[in-house]
Amino acid sequence: MSEPTRAGRGPIRIPAPAGVFPAAQYTHVVTATGRLVAVSGQLPLDEDGELVGPGDPAAQARQVFANLRRCLAAAGARFEDVVKLTYFVTDMAHMPAIRAARAAHIPDDRLPASSAVRVAGLVAPEFLLEVEALAVVAA
């Protein structure tokens, strides 16, 4: 079993509970106490509602994570407070681009719990991905 890790006063991460195969791209269990912040799925839209990166999953992922950062900040939260990310992707081949965008905001030793869901489509066909977040801000 991996030892739990804690980032300062934030969430406790348990990367691989006993009997569970370790994951390289997420943490199996994250626990925290505090104020819950739920961020709706973010799309690759700029502040004017324009699509960023048509056909480019890396550009779309960077915009989505920039939007997540802004939403978290509006609630007094940061990426280190994120306990769960859910990825909705039209093609699992986009996951490396999403992981690269995530790595710019969340170090590998502080990965949240995560789920990735391949979907037939999002709200409009030009969107390649959407990401939602749950954060817990320490009391």
query = Would a hydrophobic clustering, with Ile, Leu, Val, Met, Phe, Trp and Tyr connected at side-chain separations under 4.5 Å, put V117 with V131?
reply = no
task = Mind listing the closest non-hydrogen atom pair of V39 and E132 along with its distance?
result = O-CB, 3.4 Å
task = Taking all heavy atoms of A101 and all of R62, pick out the closest pair and write down the distance.
result = CB-N, 3.9 Å
query = Which distance, rounded to the nearest 0.5 Å, do you find between the CE of M95 and the CZ of R102?
reply = 7.0 Å
query = How close do V89 and L129 get, heavy atom to heavy atom, and via which atoms?
reply = CG1-CB, 4.1 Å
query = With the 4.5 Å side-chain cut-off for hydrophobic clustering, are V136 and L134 part of the same group?
reply = yes
remark   = Nearest heavy-atom contact between A116 and M92 is CB-CE, 4.0 Å
request  = Looking only at non-hydrogen atoms, find the nearest pair between Q60 and P44 and report the distance.
outcome  = OE1-CG, 3.3 Å
request  = Measure the spacing between CD1 of I12 and OG1 of T33 and express it to the nearest 0.5 Å.
outcome  = 7.5 Å
task = Could you give me the CA-CA distance, side-chain angles and deciding distance for L111 and I106, then say whether side-chain contact (heavy atoms from CB on, under 4.5 Å) is met?
result = CA-CA 7 Å; L111 293 175; I106 304 172; 4.3 Å; yes
query = When rounded to the nearest 0.5 angstrom, what is the spacing between CG in L72 and CG in D81?
reply = 7.5 Å
inquiry  = For L45 versus Q63, what's the shortest heavy-atom pair and its separation?
reply    = O-NE2, 3.2 Å
inquiry  = Between V83 and I14, is there shared hydrophobic-cluster membership here, with clusters defined by ILVMFWY side-chain heavy atoms closer than 4.5 Å?
reply    = no
task = Give a yes or no answer on whether the side chain of D48 reaches the backbone of E50 with a donor-acceptor pair at less than 3.5 Å.
result = no
request  = Report the C-alpha distance between L68 and F79 in whole Å, list the side-chain angles of each, state the deciding distance to 0.1 Å, and finish with yes or no for side-chain contact (heavy atoms from CB on, under 4.5 Å).
outcome  = CA-CA 9 Å; L68 286 169; F79 274 107; 3.9 Å; yes
Straight-line distance of L128 CG to D56 CG, nearest 0.5 Å = 8.5 Å
message = Working note: E130 + L43, criterion side-chain contact (heavy atoms from CB on, under 4.5 Å); need CA distance, chi angles, decisive distance, verdict.
response = CA-CA 5 Å; E130 180 176 338; L43 294 166; 3.6 Å; yes
message = The criterion is side chain to side chain contact (heavy atoms under 4.5 Å, CB included); which residues satisfy it with A124, sequence neighbours excluded?
response = E126, F127
ask   = What do you reckon, is CZ of R35 surrounded by more than 12 foreign heavy atoms closer than 6.0 Å?
value = yes
task = On the 0 to 90° scale, with breaks at 30° and 60°, tag the F65-Y87 ring pair as parallel, tilted or perpendicular.
result = tilted
inquiry  = Any heavy-atom pair between the side chains of P107 and E80 that's under 4.5 Å?
reply    = no
request  = May I ask whether F88 and V52 are part of the same hydrophobic cluster, defined by side-chain heavy atoms of I, L, V, M, F, W, Y residues being less than 4.5 angstrom apart, directly or through others?
outcome  = no
ask   = Would you say D108's side chain and A103's backbone share a donor-acceptor pair under 3.5 angstrom?
value = no
query = Is it the case that more than 12 heavy atoms not belonging to R99 sit under 6.0 Å from its CZ atom?
reply = yes
